[in-house]
Amino acid sequence: LDEARVHELLERLQPAPVAPPAPDAPEFRRHVRVARQEGEQTHLFLGFEPLCPMTTVRERAALDLYGVVLGGSMGSRLFDELREQRGICYSVGSWTEDYPDAAYVGVETGVAVRRAVEAYERTCEIVDELSEDGPTREEVERAREYRLGAITIAHQSVDVLVEACVEQVLCYGDDLNPTARRDAIASVS
């Protein structure tokens with residue numbers, strides 16, 4: 001199937017009606033919501049607002065690596081401190097959402113109820129330390145290699161690759177470039 005044939009087929013599609021503009025994302029504000037449950041274990045879900053804009057692929061790549069350094073792998077600060085050193089939790093992880101109008105860093109911790117306050121306090125301290133001092137060179141290198149490997153594996157799936165390309169165009173207004181995210185992550189120092 002050549003490119004001219006693809007364009008010919010796409011031109012047969014009827015355009016979708018124009019969607020109404022999305023409402024503005026709510027302002028990020030700190031709050032606590034507790035859902036009571038029976039049992040000895042609980043989950044903490046924490047969200048943190050990035051203090052930089054998410055307007056370029058490089059800024060999004062930097063936030064992505066921040067999330068890996070914080071809690072995105074078994075070599076992360078949260079995993080090492082909360083699980084390995086202190087034995088506070090049985091699971092911990094972080095992720096990032098980098099939409100221009102609603103970016104955040106999320107942290108999830110599975111913890112014994114009796115240690116939930118300790119996990120909460122130490123998680124906030126680790127986030128503050130990483131924000132204030134930044135990651136070490138070794139942490140950035142490890143995070144970069146981890147993400148590049150994960151992206152390479154994920155992009156072996158056509159569905160995932162297409163989704164990433166569509167997100168680039170629709171969410172960020174970027175040019176279609178399947179390697180842009182990978183290239184940006186590779187360049188973060």
Side-chain angles (χ1 to χ4, degrees), residues 22-54 59-154 157 160 163-164 167 171 181 184-185 188-189:
D24 290 340
E27 185 177 321
F28 193 92
R29 63 182 177 80
R30 190 172 206 144
H31 68 278
V32 176
R33 185 178 309 158
V34 176
R36 301 265 182 223
Q37 65 181 28
E38 294 297 318
E40 296 178 18
Q41 299 171 346
T42 192
H43 291 273
L44 298 177
F45 291 94
L46 308 172
F48 300 90
E49 181 181 26
L51 300 179
C52 59
M54 294 293 114
E59 291 162 343
R60 296 189 300 270
L63 183 65
D64 190 356
L65 291 185
Y66 176 91
V68 174
V69 170
L70 178 63
S73 71
M74 291 194 304
S76 69
R77 289 189 183 193
L78 289 173
F79 187 91
D80 181 57
E81 170 117 9
L82 298 183
R83 182 180 158 102
E84 297 300 304
Q85 290 183 31
R86 295 177 181 246
I88 294 175
C89 60
Y90 58 89
S91 70
V92 63
S94 70
W95 67 96
T96 59
E97 292 295 343
D98 55 15
Y99 299 114
D101 63 342
Y104 70 94
V105 176
V107 175
E108 183 275 332
T109 306
V111 62
V113 170
R114 63 183 167 68
R115 302 205 61 191
V117 170
E118 180 184 5
Y120 170 79
E121 289 173 348
R122 189 61 192 127
T123 297
C124 291
E125 289 169 359
I126 291 169
V127 168
D128 288 344
E129 290 165 5
L130 185 55
S131 293
E132 291 170 13
D133 303 333
T136 66
R137 183 179 307 272
E138 293 78 24
E139 286 175 317
V140 172
E141 297 283 334
R142 228 179 14 250
R144 182 185 309 110
E145 293 305 315
Y146 176 83
R147 285 302 292 144
L148 289 173
I151 288 171
T152 299
I153 291 169
S157 163
V160 173
E163 184 178 318
E167 181 178 64
C171 294
R181 182 84 171 213
I185 287 172
V188 172
S189 60

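Side chains included, hydrogens not; waters and symmetry mates left out as well; all remaining heavy atoms used.
- With a 4.5 Å cut-off on side-chain heavy atoms, F79 and S73 do not count as touching.
- For the atom pair L78 CG and E84 CD, the distance stands at 12.5 Å (nearest 0.5 Å).
- Taken to the nearest 0.5 Å, the SG atom of C89 stands 5.0 Å off from the CG atom of L82.
- With hydrogens and angles left out, the side-chain atoms of Y66 and S94 include no donor and acceptor closer than 3.5 Å.
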Give the C-alpha distance, both sets of side-chain angles, the deciding distance and a yes or no for side-chain contact (heavy atoms from CB on, under 4.5 Å) between R29 and E49.
CA-CA 9 Å; R29 63 182 177 80; E49 181 181 26; over 6 Å; no

Between R77 and E139, does the salt bridge (charged side-chain N to carboxylate O under 4.0 Å, His left out) criterion hold? Intermediate values first, please.
CA-CA 9 Å; R77 289 189 183 193; E139 286 175 317; 2.7 Å; yes

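- Salt bridge annotation for R122-E129: present, with a cationic side-chain nitrogen under 4.0 angstrom from a carboxylate oxygen.
- Using a 4.5 Å heavy-atom cutoff, the side chains of L44 and T123 are not in contact.
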Test side-chain contact (heavy atoms from CB on, under 4.5 Å) on Q41 and V111; report intermediate values, then the result.
CA-CA 6 Å; Q41 299 171 346; V111 62; over 6 Å; no

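- For the pair V140 and S189, the minimum side-chain heavy-atom distance is 4.5 Å or more.
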Take M74 and R83 through the test side-chain contact (heavy atoms from CB on, under 4.5 Å) and record every step on the way to the result.
CA-CA 10 Å; M74 291 194 304; R83 182 180 158 102; over 6 Å; no

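- Under the 4.5 Å side-chain criterion, counting only non-hydrogen atoms from C-beta, D64 is in contact with R147.
- In this structure the side chain of E108 reaches within 4.5 angstrom of the side chain of S91, judged on heavy atoms.
- The distance from the OH atom of Y104 to the OH atom of Y99 is 8.5 Å, given to the nearest 0.5 Å.
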CA sep, side-chain torsions, deciding dist, call: L65, I185, side-chain contact (heavy atoms from CB on, under 4.5 Å):
CA-CA 8 Å; L65 291 185; I185 287 172; 3.9 Å; yes

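- Here CD of E81 is found 4.5 Å from CD1 of I126. Values are rounded to the nearest 0.5 Å.
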